[in-house]
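What follows is a short report on a single structure.
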Amino acid sequence: MTTSDAHVASKAHEPNEFGYRSYELGEFHFSRDEYFAYLNWPTGRHVMSVDAFLRALQRDVAWDFFYGIVNFDGVLGTMNHYGTVDLFAGRYNDAYRKAELDHVETIDTPIIRDTFAAMLADWTNDGFDPFASPEETGSAFGPKHGDNIAANTRHRVTAQRMVSLPGDEPLRSDDNGHPVNRMFADVTQDEPEVHAEPGFENEVGSFNLFAYLSRSPVTWNPSVVSVCRESLYCPTTEEYILPIIHGNDRAEWFVQLSDEIIWDVEDRDTGRKRAKVVVKPGDVAAMPSDIRHQGYAPKRSMLLVWENASLKIPELISSGRFPTQPVEF
Ligand code: PHB
Ligand code: FE
């Protein structure tokens, strides 16, 4: 394994015969053609279907590298150190590690952020929305034709206190471009009445979370809808496959609000299989901090992801002062 310092160079090349630019980050080289994304580094090469690659890249960009590890698949991914990001190939893959074919570049966050955003913009064709379910978007394939910057840069909901409060993230409606999704046609759309005591109008609020989620235009994209200090409620609507395999750096709680998700749970560092978890409405799952997981949703479903965003947690866990299991039974 080789590790460079954080000041790696980034470079974009002229478009290839298919119209797509290629990108360098340190010793990694990214390119695409009509069907595939290719990654090359000094000791290896890797290929992914470009639609899966773009769905993962879209989330890594929109979430600014998220919590811990975003695996695009079993080989390629990023690990967030909140200021720098490790870009890796094979680092969390037992076979690559044992063969010493893995590679890591530690990159200042603004550099990898800008390069990933540029690659996402260049490689996304008109008509393909990496956040949409496969049934609700067009094809990622073919020679370059147009772009979809509006989808790539869409607003990420991050409430300061709670959705619907004055000055905070607004409710969704037909009028602001958020129709009810085809799979949530049966979700009631009434809103709670709030009768605050005089003087408390700014302190008391309430909204219909099911109605709010039924109008989400995207999949596998947690929104921050309420905040209590470091505790974030991040519900999301899921359909088809979570486009990343998330490697935790903290525990996460999942509350399944509707329908069903099948979770594949693996050891975070080696990829060894650990569990298959099927969650049904009302089920609560505590995901430990030493795993990685990927979800499969046969029908559009509502999931509440509950995060603690404290920057202290990764160190408390890696130093052994915090348990990896969030709960003991
Ligand atoms: C997760 O990795 O915990 C995660 C990510 C996106 C989702 C749901 C869960 O939509
Ligand atoms: Fe996760």
Side-chain angles (χ1 to χ4, degrees), residues 52 54-74 77-80 82 92 129-134 136 154 156-158 181 183-184 209 212-225 231-269 271 274-281 283-310 313-314 317 324-327:
L54 289 172
R55 288 188 178 106
L57 182 65
Q58 172 71 76
R59 284 158 183 83
D60 219 9
V61 169
W63 305 344
D64 209 27
F65 307 102
F66 208 37
Y67 302 104
I69 300 171
V70 170
N71 295 286
F72 286 39
D73 63 6
T78 58
M79 175 158 201
N80 197 354
Y82 311 98
Y92 300 93
D129 179 351
F131 266 130
S133 74
E136 294 179 347
R154 65 158 55 80
R156 176 153 193 240
V157 172
T158 49
N181 182 267
M183 287 200 184
F184 290 138
L209 178 63
Y212 186 77
L213 291 176
S214 73
R215 294 174 178 275
S216 168
V218 295
T219 59
W220 304 104
N221 186 31
S223 305
V224 180
V225 302
S231 172
L232 310 182
Y233 265 9
C234 311
T236 155
T237 59
E238 322 296 47
E239 188 177 329
Y240 189 50
I241 304 174
L242 173 58
I244 62 150
I245 310 168
H246 180 220
N248 287 8
D249 66 0
R250 65 198 67 217
E252 288 175 314
W253 291 82
F254 290 163
V255 182
Q256 189 65 28
L257 300 178
S258 86
D259 302 280
E260 185 173 304
I261 296 179
I262 303 151
W263 288 97
D264 257 341
V265 183
E266 301 172 342
D267 180 77
R268 189 188 76 152
D269 295 337
R274 266 181 64 170
K276 182 86 78 180
V277 183
V278 181
V279 281
K280 298 179 191 252
D283 286 350
V284 178
M287 292 282 169
S289 56
D290 59 354
I291 57 99
R292 66 194 196 192
H293 49 211
Q294 184 168 39
Y296 298 74
K299 288 181 71 62
R300 205 173 190 91
S301 90
M302 297 183 183
L303 168 69
L304 174 59
V305 178
W306 182 21
E307 297 279 358
N308 187 312
S310 168
I313 291 177
I317 291 170
T324 52
Q325 301 278 123
V327 64

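One-based numbering, in listed order, for ligands and for the atoms of each. Residue numbers start at 1 and run along the sequence shown.
Under the 4.0 angstrom criterion for non-hydrogen atoms, Trp63 is in contact with ligand 1. Heavy atoms of His293 come nearer than 4.0 angstrom to ligand 1 in at least one pair. Residue-ligand proximity: Tyr67 is placed with every non-hydrogen atom at 4.0 Å or more from ligand 1.
With contacts defined as side-chain heavy-atom distances shorter than 4.5 Å, the pair Val279/Phe254 does not qualify. Proximity of Lys276 to Ile262: side-chain heavy atoms (C-beta onward) are separated by under 4.5 Å at one or more points. At least one side-chain heavy atom of Val218 sits under 4.5 Å from a side-chain heavy atom of Arg154. Within the 4.5 Å cutoff, the side chain of Phe66 has no heavy atoms near those of the Asn80 side chain.
Taking any N or O of Glu307, backbone or side chain, none lies under 3.5 Å from an N or O belonging to ligand 1. The N/O atoms of His246, backbone and side chain alike, include one that comes under 3.5 Å of an N/O atom in ligand 1.
Taking a cut-off of under 4.0 Å to the non-hydrogen atoms of Pro222, the atoms of ligand 1 that pass are 6 (C), 7 (C), 10 (O). Residue contact check: Asn221 has heavy atoms under 4.0 Å from atoms 10 (O) of ligand 1. Here is the list of ligand 1 atoms found below 4.0 Å of a heavy atom in Phe254: 3 (O).
In terms of modelled atom types and a separation under 3.5 Å, the side chain of Gln294 and the main chain of Leu242 share a donor-acceptor contact. At distances below 3.5 Å, not a single donor-acceptor pair connects side-chain atoms of Arg55 with backbone N or O atoms of Ile241. When atom types are taken as modelled, the side chain of Asn221 and the backbone of Arg59 share no donor-acceptor pair closer than 3.5 angstrom.
Among heteroatoms of the N, O or S kind in His293, NE2 lies nearest the Fe ion (ligand 2). The atom of His246 that is an N, O or S and sits closest to the Fe ion (ligand 2) is ND1. For Glu252, the N/O/S atom at the shortest distance from the Fe ion (ligand 2) is named OE1.
In this structure, atom 10 (O) of ligand 1 lies nearest to the protein heavy atom Glu238 OE2, 2.6 Å. Of the protein's heavy atoms, Leu242 CD2, 4.1 Å lies nearest to atom 4 (C) of ligand 1. The nearest heavy-atom contact from the protein to atom 3 (O) of ligand 1 is Glu252 OE1, 3.0 Å.
In the displayed structure, Tyr240 atom OH is contacted under 6.0 Å by at most 12 heavy atoms of other residues, nucleotides or ligands.
At a cut-off of 3.5 Å, with distance as the only test, no side-chain donor of Thr237 or Glu239 sits close to an acceptor on the other residue.
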